[in-house]
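Note that these values count all heavy atoms, side chains included, but never hydrogens, waters or copies made by symmetry. Note that ligands are numbered from 1 as they come in the structure, with each ligand's atoms numbered from 1 the same way.
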Amino acid sequence: MKEKIASYLAEIAAFTAADATAAEEFRIRFLGRKGLLQDLFLDLKAAPADEKRELGKLMNDLKNAAEEKTAILKTQFEQTQESGSTIDLSLPAFPVQLGARHPLSIVRRQIIEIFARIGYQVAEGAEIEDDFHNFSALNFPEDHPARDMQDTFFVQNNPDILLRTHTSTVQVRVMESAKPPIRILAPGRVYRNEAISARANCFFHQVEGLYIDEGVSFADLKQTLLLFAREMFSADTQIRLRPSYFPFTEPSAEMDISCNICSGKGCNVCKYTGWVEILGCGMVDPAVLKNCDIDPEKYSGFAFGMGIERITMLKYKVNDLRIFFDNDVRFLRQFTGA
Ligand code: PHE
């Protein structure tokens, strides 16, 4: 019996399998229910008592050797099976399609970043608002045409609930709840009932700004907007303020920048004037401050508002507003940036 065990041990040590079937045959030959080891255990039972101890130990060694070899063969064939048949490492990888930010998002972030450097914080509000925050608090007279059905989308024929027509609503809400100094930027989507064309849409995006403190003057407004124009477009950009009217600011102005497309020489974007309008602004009307419980004797401030689409069109020389909302990747893919 000893010789048998020794020869099996040698056989196990020398065994190599060509494939998974050969490995399985090996397992069955030694460890199967009717395998060689099973036979040997029967022999062991019948062996003389004084040899049992030594033989038992040898049998154990044999069993361990057979089991170890089986385990090794198993992992060997599991691995080759995987790399051999299910994974082809030479296949080209699936291409990873990287997305890009929408041009309006790029410009919105840029505007926010410029004003953040001089202390403006972002404030946000709801797109569905009431008449008070969109109009009344901002000094719009009862019969102002902007309240008209032609300009404003009302919700379910309720003249008190509407889609905000500007983000000045956020300014009102901030003034109601915070005390000066206030320095905020209100980016967001706004809605107006306008015919869709290359220059107008029924919704667009705005950023409005508000600064209220003691002793804020029109000079502060002008310098702030000059800084913005030069950071946004180029260091040699000029600005021009033209008197205008908004119910919530007094005095009010519209701001032009020197045309960045023809550098002021005249082109069809600036209609050969050398200037393009980019925003509205003015000193916050004392009546608005009063509506929001801020003492106009003590505090003054300025506000400004711009359309992100307009800034983006000028910056990237896009000539049709509608293309921003088509989501055509051939257009969107061209923009990279912050
Ligand atoms: N709210 C104005 C608009 O939507 C823009 C504006 C904001 C003008 C602040 C002046 C001051 O047209």
Parallel, tilted or perpendicular: which fits the ring planes of Phe248 and Phe140, with parallel below 30° and perpendicular above 60°? tilted

Between Phe246 and Cys281, is there a side-chain heavy-atom distance shorter than 4.5 Å? no

Taking salt bridge (charged side-chain N to carboxylate O under 4.0 Å, His left out) as the definition, give me every residue that meets it alongside Glu176, ordered by chain and number, with sequence neighbours left out. none

Regarding Glu309 and His205, is there a side-chain donor-to-acceptor distance under 3.5 Å anywhere? yes

If you count only heavy atoms, which residues are under 4.0 Å from ligand 1? His166, Ser168, Arg192, Gln206, Glu208, Phe246, Phe248, Thr249, Gly280, Cys281, Ala303, Phe304, Gly305

Given Arg173, Glu208, His133, Gln206, the one that forms side chain to side chain donor-acceptor pair (under 3.5 Å) with Ser168: Glu208

Would you say that Ile111 contacts Met306 through its side chain, given a criterion of any heavy-atom pair below 4.5 Å between the two side chains? yes

